[in-house]
Amino acid sequence: MIKAVRGFKDLLPEEAGVFRWLEEQAREILRRYGFSEIRLPILERTELFARSIGESTDIVEKEMYTFQDRSGDSLTLRPEATAGVVRAFIEHGLYNRPKPLKLFTIGPMFRHERPQKGRLRQFHQIDVEVFGAASAGMDAELVALALGILRAGGARDLRLEINSLGCPGCRGPYREALREFLFSRRERLCEDCRRRAERNPLRALDCKREGCQREYQEAPMLSAFLCEDCRRHYQHFKTYLQEGGILFIENPRLVRGLDYYTRTIFEIKAPGLGAQDTVAAGGRYDGLVSALGGPETPAVGFAIGMERWWLVSRGSQREVAAPDLFIAPLGEEARRWAFRLAALLRDRGLKVESDYEGRSLKALLRQADRLSARWALILGEQELQEQRALLRDLASGTQLSLPFRDLEDLLNRVLIEILF
RNA sequence: GUGACCGUAGCUCAGGUGGUCAGAGCGCCGGGCUGUGGCCCCGGAGAUCGUGGGUUCGAGUCCCACCGGUCACCCCA
């Protein structure tokens, strides 16, 4: 038997219903905040991700689905959405539109990691980006938006962690100071951290090993290196959050896995997710648009992991809507009649089902019952001869025989009852 | 990429120390009610016991490998 690829999941009807419901909640909140949807390819040139996410990040180094297409180009299934949004922003000159430009996109992302709770190889994100807003007020508004979406899905007990990564101006000197510190203690650090000390010193700080963390108690803090502007921005951000009654935890060790972030970064964690407890994360990336060839454009964004959000939402199991009418035809002529009638009623907005398998009346009614149909229209050979049909109320079990010419009138009244 | 645990019908699971052990419940199809659902009763279809080797007279039950699932590490949504 051919099975789905590891880490790729099918969503059966019941699950797809919940997924869709979540998406609808998100879209409604996004609408209130003034965001517009964009739809993007899930395949991009590998170079786009290498340049935006960062060459030495785990994502680029070992998690991307990269391959050569038939013309020899290196393409990659997107591991995250921001790079593609920025690419489209530049490619279509969206920087000429009124600012701020608020966009969101929903779709699958791909990362070749070992699957576990809250982690798939194909997973889905709601990705939200704002271009052309430099102030911390927008950072805070995005946090409020993320929390609003998550709560609309029923997520509770969310924990917001924030930090500031500074700008290239202040992060450079800090990075050097940190690197020096790491080298001075390298004997006492784990293997991973020694490697990080060279390639990506900031990442060492969120090492999970106790031994390393003990050393880092004395490590220089980025907050001490923030330039005046970055410090003020961070302060404003916190002020706005407080203004909105949004509780947060400052986590000076918080670092993100992508290189493009500047200043504000945040993560929203939820209980009950196991080891992967971050359900949404994002931050500011003021340098990315220009780095990819666009005009200097401040930008902030975040992404919500749909599957993780799902895990902490109230899984509102929505079934397929029940039919208004189930037509139970007996005999070939009745079946043809049912076929025409079903199409007619559907055109008028009724949800109608029938069955052409030539099953017994008993089987047909069982089917109608299972579908939770409101009425069954029994169309037997006897009825057909008399130009009548039996309309049965499936809840009460009462039924009446009525001539075809009354059928239309009755169904019209039924229609009105349903639609209004 | 590393580790631990797990893998029997569509689903949830039973199957001491290897020898009618290939089962149950639910679901599905049908019958009892020859044209009337939901309850009840009866019957049926459906499993090469994840795959491939090995040990043995004999393996779902033991061993090995592989595949897959789950959780954790790394990292991340």
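Please read these numbers as outputs of a predicted model, since none were measured by experiment. Below, read A as the first sequence line, B as the second, and so on, with proteins coming before strands; counting in each chain starts at 1.
Atom-to-atom, CD of A:Gln385 to P of B:rG35 comes out at 15 Å; the value is rounded to the nearest Å. With rounding to whole Å, A:Phe123 atom CZ is found 7 Å from B:rA77 atom P. The distance between atom NE2 of A:His124 and atom C1' of B:rA77, rounded to the nearest whole Å, is 12 Å. Straight-line distance from the NZ atom of A:Lys62 to the P atom of B:rU2: 12 Å, rounded to whole Å. The CG-P distance, from A:Leu364 to B:rC29, rounds to 11 Å in whole Å. As a whole-Å value, the separation of A:Leu254 CG from B:rA77 C1' is 14 Å. Atom pair A:Asp355:CG and B:rU36:P shows a separation of 17 Å (rounding to whole Å applied). The interatomic distance linking A:Leu365 (CG) with B:rU36 (P) rounds to 9 Å, in whole Å.
The nearest heavy atom of RNA chain B to A:Gln399 and to A:Glu307 marks one nucleotide each, and the one closer to the 5' end goes with A:Gln399. Where A:Ala373 and A:Ala363 each meet RNA chain B at their nearest nucleotide, the meeting point lying more 5' is that of A:Ala363.
At the heavy-atom level, A:Arg370 lies under 4.0 Å from the strands shown only through sugar-phosphate atoms. When heavy atoms are screened at a 4.0 angstrom cut-off, A:Gln382 is found touching base atoms of the nucleic acid. Across all strands, A:Gly7 comes closer than 4.0 Å only to sugar-phosphate atoms, never to a base (heavy-atom distances). Contacts of A:Gly274 with the nucleic acid, taken as non-hydrogen atoms under 4.0 Å apart, involve only primed sugar atoms and P, OP1 or OP2. Nucleic acid contact for A:Ile126: none, since no nucleic acid atom lies under 4.0 Å from a heavy atom of the residue. Within 4.0 Å (heavy atoms only), A:Leu390 reaches at least one base atom of the nucleic acid. Residue contacts shown for A:Gln367 are absent, as no nucleic acid heavy atom lies under 4.0 Å away. If you check every strand for non-hydrogen atoms under 4.0 Å, A:Gln122 touches nothing.
Remark: B:rG7 base-pairs with B:rC67; criterion is Watson-Crick or G-U wobble with both hydrogen-bond distances under 3.5 Å. When Watson-Crick and G-U wobble pairs are counted only if both distances are under 3.5 Å, B:rG37 pairs with no nucleotide at all. With a cut-off of 3.5 Å on both pairing distances, the Watson-Crick or G-U wobble partner of B:rU2 is B:rA72. Across all strands shown, B:rA14 forms no Watson-Crick or G-U wobble pair with both distances under 3.5 Å. Across all strands shown, B:rC28 is found opposite B:rG44 as a Watson-Crick or G-U wobble partner, with both distances under 3.5 Å. Summarising the base pairing, B:rC21 is matched to no nucleotide, lacking a Watson-Crick or G-U wobble pair whose two defining distances lie under 3.5 Å.
Spacing of C1' atoms, B:rC66 relative to B:rC29, comes out at 38 Å, to the nearest Å. Remark: the separation of the P atoms in B:rG7 and B:rC13 is 11 Å, to the nearest Å. With C1' as the reference atom, B:rC71 and B:rG54 are 31 Å apart, rounded to whole Å. A gap of 26 Å separates the C1' atoms of B:rG43 and B:rU48, to the nearest Å. With both ends at atom P, the span from B:rG69 to B:rG23 equals 30 Å, rounded to whole Å. The same atom, C1', is picked in B:rU12 and in B:rC6; the two are 16 Å apart, to the nearest Å. With both ends at atom P, the span from B:rG60 to B:rU20 equals 11 Å, rounded to whole Å. For the C1' atoms, the distance from B:rU56 to B:rG19 is 12 Å, rounded to whole Å.
OP1 or OP2 of B:rC29 sits under 4.0 Å from a side-chain N or O of A:Arg359.
When distances are taken from the side chain of A:Arg308 to each of B:rC76, B:rG69, B:rG35, the shortest belongs to B:rC76.
Remark: the A:Arg114 side chain and the B:rA72 base include no donor-acceptor N/O pair separated by less than 3.5 Å. Taking 3.5 Å as the limit, the base of B:rG69 and the side chain of A:Gln116 contain no donor-acceptor pair of atoms between them.
In the displayed structure, A:Glu91 atom CD is contacted under 6.0 Å by more than 12 heavy atoms of other residues, nucleotides or ligands. Annotation for A:Phe8: atom CZ counts as buried by contact number, over 12 foreign heavy atoms lying within 6.0 Å. More than 12 heavy atoms of other residues, nucleotides or ligands lie within 6.0 Å of CZ in A:Arg346, so this atom counts as buried by the packing criterion. Heavy atoms of other residues, nucleotides or ligands lying less than 6.0 angstrom from OH of A:Tyr174 number more than 12.
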Exercise for the section: Please step through salt bridge (charged side-chain N to carboxylate O under 4.0 Å, His left out) for the pair A:Glu333 and A:Arg336, ending with a clear verdict. Expected result: CA-CA 5 Å; A:Glu333 195 186 344; A:Arg336 289 199 302 270; 5.6 Å; no

Exercise for the section: Begin with the C-alpha distance, continue with both residues' side-chain angles, and end with the deciding distance and a verdict on ring pair (Phe, Tyr, Trp, His ring centres under 6.0 Å) for A:Trp310 and A:Phe123. Expected result: CA-CA 12 Å; A:Trp310 187 354; A:Phe123 58 104; over 10 Å; no

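The two residues A:Ala177 and A:Phe225 come nearest to each other via the heavy atoms CB-CZ, 3.6 Å. In terms of heavy atoms, A:Arg78 sits closest to A:Pro41 at NH1-O, 3.5 Å. A:Gln116 and A:Ala275 get closest at one heavy-atom pair: NE2-CB, 4.0 Å.
To the nearest 0.5 Å, atoms CG (A:Leu158) and CG (A:Leu247) are separated by 11.0 Å.
For the ring pair (Phe, Tyr, Trp, His ring centres under 6.0 Å) test with A:His124, the passing option among A:Trp309, A:Phe110, A:Phe19 is A:Phe19; the others fail.
For RNA chain B, the neighbouring residues in residues 275-285 of chain A, judged by any heavy atom under 4.0 Å, are A:Ala275, A:Gln276, A:Thr278, A:Val279, A:Ala280, A:Ala281.
Using cut-offs of 30° and 60° for the angle between ring planes, the A:Phe302 and A:Phe266 rings count as tilted.
Residues A:Arg27 and A:Glu37 are paired through a salt bridge, judged by an N-O separation under 4.0 Å between the basic side chain and the carboxylate.
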Nucleotides 38-41 of chain B: which of its N/O atoms have a protein N/O under 3.5 Å away?
residue : atom : partner  : partner atom : Å
B:rG38  : O4'  : A:Asp369 : OD2          : 3.1
B:rG38  : N2   : A:Leu394 : O            : 3.2
B:rG38  : N2   : A:Ala395 : O            : 3.4

